[in-house]
Amino acid sequence: MKRRGDGWIFQPKYETMSREKLEKLQEERLRKIVRYCYERIPLYKQKFKEAGITPDDIKTLEDLRKIPFTVKNDLRDAYPYGMLATSLDNVLELHASSGTTGHPTTCAYTKNDFEVWSTVMARIYASAGARKGDIVQNAYGYGLFTGGLGFHYGALKLGVAVLPISAGETERQIRLAKEYGTTILTCTPTYAAHLGEYAREKLGIDPEKELKWRIGLFGAEAWSEELRQRIEELLGLEAFDIYGLSEIIGPGVSVECPQHNGLHIYEDHFLAEVIVPSTGELVNEGEVGELVLTTLTREATPQLRFRTGDLTKLTTDECECGRTIARMGRVIGRADDMLKVRGVKFWPSTVEHALLMVEGVSQNYEIVIDRPAELDVMILRVEPRKELFEKVGGDLSKLEWLREEISNSVKSVTMVKAHVELVPYGSLPRSMGKAKRVKDLRKEG
Ligand code: DLL
């Protein structure tokens with residue numbers, strides 16, 4: 001995949017302002033939002049009281065550290081309207097984020113929140129090189145999931161056409177992509193890979209030659225650099241990593257520029273810190289920890305020091321694209337998704353990295369952790385690439401060498417010896433949204 005590098009900057013005023021000016025702006029906004037939250041949301045008043053502080057104690061960016069963290073459970077306890085900072089008359093849209101546990105939290109938007117959301121999403125499209133004349137095929141799910149509407153509003157703001165197809169109906173996705181000549185694909189990375197496979201294998205369409213997709217904006221789940229390469233090969237487009245979460249804004253917190261060297265955070269709206277999860281202390285710049293975000297401009301459901309659970313690192317080093325805003329690294333995973341097998345800790349994305357480094361392995365895999373007796377076992381079910389599977393006539397016993405290579409790669413990267421099972425190409429479930437690749441049978445009893 002050739003990098004095109006034609007990304008541009010939608011709002012240079014905010015994306016390239018000097019760090020000094022930016023910090024001044026953040027400080028002003030911080031003082032304002034802190035008072036706003038304190039006066040309007042009982043939970044914050046109570047947290048401030050417990051910490052022995054008032055909004056007057058928060059004057060500089062350093063003072064932020066005095067504010068207690070907000071965690072997902074705070075939002076769940078306040079469901080449905082306890083975290084709302086404005087009266088319902090000012091709310092234009094409500095989203096309920098269900099998360100994996102099923103306890104919902106509310107994310108609400110005022111008119112101004114829409115303006116912010118659509119603007120940061122327009123910045124994201126521009127960063128990847130979207131221009132008037134482009135057509136976005138928005139294959140994120142529409143509905144309470146924030147992906148579909150977030151990408152929709154951003155396209156409208158930028159003035160590019162959007163095909164609101166939502167997730168699923170894979171054959172129709174490819175057909176419409178061809179008929180309408182859509183140029184930008186937005187969906188989860190897992191679904192992007194599936195679309196590529198499906199087009200090639202079921203419909204005999206080579207997306208690189210027969211479709212016009214040139215940009216992909218993929219996020220909502222952790223994915224590896226190796227998967228990016230696979231997707232770019234399968235679809236013939238340039239793939240950008242985009243990050244966000246419902247509680248903060250939806251998609252729109254950060255995105256890669258054409259340098260593909262970290263995701264630029266829109267720091268005029270979202271103040272980022274990285275902490276050691278166990279102690280809450282700040283890590284040094286460049287060290288991995290849990291991302292904590294404060295919304296500087298959100299009106300309906302603002303958050304102070306919200307613990308995202310996502311592990312990443314931050315850098316404020318200058319980027320060649322000209323943006324001065326900080327960059328976060330690709331998200332490794334969520335603190336609560338970390339796997340612990342026989343005492344060794346690692347993330348599913350590390351397993352993906354180890355798997356996809358092996359030539360001949362497809363991006364379709366499943367991680368099963370079990371404890372049949374005393375010891376944990378990690379079983380990896382992996383599909384070989386289609387060409388290879390067909391070459392051996394579907395006889396997986398002829399791919400013993402591949403099984404061994406996978407096992408060695410995973411062992412050297414995670415330090416855990418996995419039991420690798422090769423399974424027929426096409427046999428594992430394909431996902432249209434956020435993939436569930438890990439089955440921890442220890443937890444299921
Ligand atoms: O997934 C927002 C989004 C939609 C982002 C579309 C990008 C594209 P939630 O459903 O609230 O919101 O889930 C948020 O998803 O805390 C991360 O754990 C994970 N996540 C989101 N983007 C990425 C990414 C949307 N680029 C949760 N890499 C977050 C890794 C991601 N994980």
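In this text the structure is predicted, and so the values were computed from the model without any measurement. Remember, it's 1-based here, ligands and their atoms both numbered in the order they're listed.
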Where is the nearest protein heavy atom to [atom]: which residue, which atom, and how far?
{"atom": "atom 6 (C) of ligand 1", "answer": "Tyr140 CE2, 3.5 Å"}
{"atom": "atom 3 (C) of ligand 1", "answer": "Pro251 CB, 3.8 Å"}
{"atom": "atom 11 (O) of ligand 1", "answer": "Ser246 OG, 2.5 Å"}

With heavy-atom distances below 4.0 Å as the criterion, list the atoms of ligand 1 near [X].
{"X": "Phe151", "value": "6 (C), 8 (C)"}
{"X": "Arg334", "value": "16 (O), 18 (O)"}
{"X": "Val331", "value": "28 (N), 30 (C)"}
{"X": "Gly244", "value": "2 (C), 5 (C), 12 (O), 14 (C), 21 (C), 22 (N), 25 (C), 29 (C)"}
{"X": "Asp310", "value": "16 (O), 17 (C), 18 (O), 29 (C)"}
{"X": "Thr146", "value": "2 (C), 12 (O), 25 (C)"}

Would you call Lys434 a ligand 1 contact, heavy-atom distance under 4.0 Å?
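Yes; Lys434 lies near enough to ligand 1 that a heavy-atom distance drops under 4.0 Å.
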How does [X] reach ligand 1, if at all, at less than 4.0 Å between non-hydrogen atoms: by side chain, backbone, both, or neither?
{"X": "Phe218", "answer": "neither"}
{"X": "Asp241", "answer": "side chain"}
{"X": "Leu245", "answer": "both"}
{"X": "Glu221", "answer": "backbone"}

Parallel, tilted or perpendicular: rings of [Y] and [X] (30°, 60°):
{"X": "Phe145", "Y": "Tyr140", "answer": "tilted"}
{"X": "His260", "Y": "Phe240", "answer": "tilted"}
{"X": "His194", "Y": "Tyr191", "answer": "tilted"}

Distance-only N or O hit between ligand 1 and [X], under 3.5 Å:
{"X": "Glu247", "value": "no"}
{"X": "Ala220", "value": "yes"}
{"X": "Gly250", "value": "no"}

Strictly by modelled atom types, are [X] and [Y] linked by a side-chain donor-acceptor pair under 3.5 Å?
{"X": "Glu197", "Y": "Gln363", "value": "yes"}
{"X": "Tyr243", "Y": "Glu256", "value": "no"}
{"X": "Thr70", "Y": "Tyr44", "value": "yes"}
{"X": "Trp347", "Y": "Asp337", "value": "no"}
{"X": "Trp213", "Y": "Thr183", "value": "no"}

Are the aromatic rings of Phe114 and Tyr153 close, with centres under 6.0 Å apart?
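Between Phe114 and Tyr153, the centre distance is under 6.0 Å.
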Any pair counted as salt bridge (Lys or Arg N to Asp or Glu O under 4.0 Å), so long as it reaches residues 139-162, sequence neighbours left out
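For residues 139-162, and leaving out neighbouring residues, the salt bridge (Lys or Arg N to Asp or Glu O under 4.0 Å) pairs sorted by first residue read Glu115-Lys157.
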Answer yes or no: is there an ion pair linking Arg19 with Glu267, defined by an N-O contact shorter than 4.0 Å?
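Yes, charged N to carboxylate O under 4.0 Å.
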